[in-house]
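Values below: every heavy atom of this structure, side chains too, minus hydrogens, waters and symmetry copies. Numbers here simply count residues along the sequence, with the first being 1.
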Amino acid sequence: MKRLHYIIYVATMCVVVLGFVVVFNLFERTTYSELENREVAKCPEFSFESLFAGTYTRDVSSWYSDSEPYRDRFMTLSMEFDDAKRLRLGSAEEEVTFIEGDSEVTEEQPPLIDTVASETEAEKSVEEQSDSVDVAQPQAEQKAKITNHGIVIVGTQPNVRALTNYRGGPTACNAYAQMANRYQRELGGGVTVYCMLIPTAIEFYCPEKAKSRVKSQRETIDNAYAQLDSTIVAVDAYNALKRHTDEDIYLRTDHHWAPLGAYYAAEALAKAAGVPFNDLTHYERKVVKRYVGSMYRYSQDISVKRSPEDFVYYEPLNIEYETTYINYIVDENYAVTGSHTPIKDRYFYKFNDGSGGAYCTFMGGDNKITQIRTATDNGRRMLLLKDSFGNAIPGYLFYSFEEIHVVDARYFTRNIVEYVHENGITDLVFGNNIAFAMSSSTINFYKRFLTQKSK
C-alpha cells in the first residue's frame with residue numbers, strides 16, 4: 001500500500017512539473033500586465049557582442065521570468081496567499097495590515113513615477129493626448145524609500161487606504177530649511193522665498209494601532225520652520241490640510257495627495273504671498289473613475305487593487321493661459337542627457353477611466369521645465385521647486401500670478417540664480433512633500449542648482 005502511495009505521489013508531481021514546463025515554454029507569453037499597469041520585458045535581440053559581454057543571457061533570463069504566461073493570474077494567487085498570512089490588528093471596521101519593506105531595490109523593479117511615483121505609468125488616450133507628452137519615471141531611489149519604510153494598509157475592500165510610513169526624526173528637514181535660507185541669500189532682496197513642507201497621508205490617517213511605528217511629521221515641520229531666516233515665508237500647508245481631513249484630500253491608492261489637497265495648500269500659499277485666489281466655483285470638476293495608483297504596485301496587496309477610487313481634479317474657468325514646456329531627455333538611469341526645443345501645449349491632459357496614470361494629468365509628468373503665462377496682470381512671477389506632489393499646485397494659481405515656472409528637483413540643468421533673474425521671478429517656492437524634503441539627495445539637487453553652469 002505504501003508503495004502505491006509513493007507511485008501516485010511521484011506520478012502526480014511529475015504531471016505537475018510537466019504541466020508547468022508546457023505552460024511556461026509553449027503557451028503565449030505575457031506582453032502587458034494589467035495588474036501592474038506596465039509592459040513586461042521584451043525578448044532581447046541576439047548579437048555576438050551582447051553574448052560575449054554577458055548581457056544577452058542576463059536579458060533573456062529577465063524576459064523569461066517577467067513574461068511568464070498567465071502572469072496576472074499567478075500574481076493574484078500569490079497576493080491572495082500573502083493577504084491571508086499577513087499580520088492584522090483590529091476589527092473588520094478598523095483592519096490594519098503592516099507590510100514591511102524590501103531590503104533592496106533591483107534594476108528589474110519598476111521605479112516610482114513620482115513622483116517619488118508615480119510616482120504608475122501613464123496611459124495615453126489617442127483622442128485626447130498629443131505626442132508631446134513625455135512621461136518619464138523619476139529615480140529608482142524613490143521606490144526604495146517607500147518599500148524600505150514599509151506600508152500600512154488600513155480598512156477593508158472596497159475602501160482600503162494604503163499609507164507610506166514616515167520615520168523621520170524631529171530634525172529630519174532642518175537641512176532643507178537651511179537650503180531655503182541659502183537660496184534667499186544668493187537671490188537677494190528682490191525675490192521672496194517661501195518654504196512649504198507638505199505632510200503625507202499617514203500623518204492624518206494613521207490608525208491608533210499603528211502610531212507606535214510612525215514618527216510625527218508635525219514635529220519635523222515645526223523644527224524646520226524654526227530654522228528659517230526671518231526673511232523666509234513659511235507656508236502652513238499642514239493646518240490647511242488638517243482642517244479638511246474629512247474630505248478627499250489624499251488618494252487612498254496612491255502615495256500622492258489628491259488634487260483637492262493641493263487646492264487647500266495652494267490657497268495657503270496664495271494667502272502667504274498676498275495674491276488673489278479663487279475658490280472652486282471658478283473651476284470645472286472632472287473625474288477619472290476606477291483609479292488605482294502607485295500604492296498597489298508598492299504594496300502588492302490585492303485589496304488595494306480591489307478598492308479603486310475617483311481621481312477628481314479641477315480645471316480653471318474663464319482665464320486665458322499659455323503653457324510652454326522644455327522637455328528633458330533622460331537615459332535609463334534617469335540622468336538628463338539633453339533637452340528638446342520649447343513647445344507650447346496644454347497643461348491638463350485627459351486620461352481614460354481606469355487609467356493608472358491619471359496623476360500625470362498635470363503637465364504630463366516631471367522631466368521638464370514648465371512655464372505658464374496667464375491673463376493675470378499683477379507683476380508677480382512665481383517659480384515652484386517641487387517633486388511630483390507639486391504638480392497639482394500650479395493649476396490653482398492661474399488667477400494669482402501672471403507667470404508660473406515649474407522646476408522638478410530631479411530635472412534641471414540651468415543655474416537657478418541666472419534663471420530667476422532672466423525670467424524676472426518675484427516669488428520662489430520650495431514645495432516638497434516631507435519624505436522628499438528629508439532626503440540628502442534632494443538637498444544635493446538644490447545645492448547643485450546654485451553652482452552648476454547653464455546648459
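Ring pair Phe348/Tyr321 is perpendicular by interplanar angle, where above 60° counts as perpendicular and below 30° as parallel. Relative orientation of the Tyr313 and Phe362 rings is perpendicular, given thresholds of 30° and 60° on the angle between their planes.
Partners of Lys286 by salt bridge (charged side-chain N to carboxylate O under 4.0 Å, His left out), not counting sequence neighbours, listed by chain and number: Glu315. The side-chain hydrogen bond (donor to acceptor under 3.5 Å, both in side chains) test applied to Thr220 returns Tyr166, not counting sequence neighbours. Looking at residues two or more places apart in sequence or on another chain, you find no salt bridge (charged side-chain N to carboxylate O under 4.0 Å, His left out) involving Glu247. Under the ring-ring contact (aromatic ring centres under 6.0 Å, His included) criterion, Tyr225 pairs with no residue at all, not counting sequence neighbours. Residues passing the side-chain contact (heavy atoms from CB on, under 4.5 Å) test with Asp248: none are found, sequence neighbours excluded. For Glu309, the side-chain hydrogen bond (donor to acceptor under 3.5 Å, both in side chains) criterion is met by Thr253, not counting sequence neighbours. Take Arg448 and apply the side-chain hydrogen bond (donor to acceptor under 3.5 Å, both in side chains) test, not counting sequence neighbours, and it matches Gln452. The ring-ring contact (aromatic ring centres under 6.0 Å, His included) test applied to Tyr446 returns Phe430, Phe449, not counting sequence neighbours. Every residue meeting the side-chain hydrogen bond (donor to acceptor under 3.5 Å, both in side chains) condition with Lys211, not counting sequence neighbours, appears here in chain and number order: Glu208.
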Start with the C-alpha gap between Leu450 and Met179, add the side-chain angles, then the distance that decides, and say whether side-chain contact (heavy atoms from CB on, under 4.5 Å) holds. CA-CA 10 Å; Leu450 288 168; Met179 184 55 60; 4.3 Å; yes
Run Thr192 and Thr426 through side-chain contact (heavy atoms from CB on, under 4.5 Å) and show every step you take. CA-CA 6 Å; Thr192 302; Thr426 58; over 6 Å; no
Assess whether side chain to side chain donor-acceptor pair (under 3.5 Å) is satisfied between Asn391 and Asp366, documenting all intermediate values. CA-CA 8 Å; Asn391 292 13; Asp366 293 311; 3.0 Å; yes
Between Phe351 and Tyr359, is the side-chain contact (heavy atoms from CB on, under 4.5 Å) condition met? List the steps. CA-CA 9 Å; Phe351 286 80; Tyr359 194 80; over 6 Å; no
Candidate pair Val420 and Leu383, rule side-chain contact (heavy atoms from CB on, under 4.5 Å), full reasoning: CA-CA 8 Å; Val420 165; Leu383 170 59; 3.9 Å; yes
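A donor-acceptor pair shorter than 3.5 Å can be found between the side chains of Asp387 and Asn433. Side chains of His255 and Ser294: a donor on one and an acceptor on the other come within 3.5 Å. Looking only at atom types and distance, the side chain of Asp310 has no donor-acceptor partner in the side chain of Tyr291 under 3.5 Å away. No donor-acceptor contact under 3.5 angstrom links the side chains of Tyr250 and His256, judged on distance only.
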Mind listing the side-chain donor-acceptor pairs of residues 194-206 below 3.5 Å, one per line with the distance, residues two or more places apart or on another chain?
residue: Tyr194; atom: OH; partner: Asp427; partner atom: OD2; Å: 2.6
residue: Thr200; atom: OG1; partner: Gln217; partner atom: NE2; Å: 2.8
residue: Glu203; atom: OE1; partner: Gln217; partner atom: N; Å: 3.0
residue: Glu203; atom: OE2; partner: Arg218; partner atom: N; Å: 3.3
residue: Glu203; atom: OE2; partner: Tyr238; partner atom: OH; Å: 2.6
residue: Tyr205; atom: OH; partner: Thr245; partner atom: O; Å: 2.8

Name every donor-acceptor pair, under 3.5 Å, that has one atom in a side chain of residues 276-283 and the other anywhere in the protein, sequence neighbours excluded.
residue: Asp279; atom: OD1; partner: Thr281; partner atom: N; Å: 3.0
residue: Asp279; atom: OD1; partner: Thr281; partner atom: OG1; Å: 2.4
residue: Asp279; atom: OD1; partner: His282; partner atom: ND1; Å: 3.3
residue: His282; atom: ND1; partner: Asp279; partner atom: O; Å: 3.4
residue: Tyr283; atom: OH; partner: Tyr396; partner atom: O; Å: 3.2

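Ile372 is not listed as a side-chain neighbour of Phe401, based on a closest heavy-atom distance of 4.5 Å or more. Side-chain contact check for Leu187 versus Val417: some heavy-atom pair is nearer than 4.5 Å. A 4.5 Å side-chain heavy-atom check between Asn423 and His405 finds at least one atom pair inside the cut-off.
Of the possible polar contacts, one joining the Asp301 side chain to the Ser303 backbone as a donor-acceptor pair under 3.5 Å is found. Between the side chain of Lys368 and the main chain of Met363, a donor-acceptor pair closer than 3.5 Å is present.
The distance between the ring centers of His340 and Tyr325 does not fall below 6.0 angstrom.
Under the salt bridge (charged side-chain N to carboxylate O under 4.0 Å, His left out) criterion, the residue pairs touching residues 392-409 are Arg373-Glu403, Arg381-Glu402, Arg381-Glu403, Lys386-Asp408, Asp408-Arg410, with sequence neighbours excluded.
Taken from OG in Ser439 to CG in Asn444, the straight-line distance is 8.0 Å, to the nearest 0.5 Å. Taken to the nearest 0.5 Å, the CG atom of Asn181 stands 12.0 Å off from the CD atom of Glu186.
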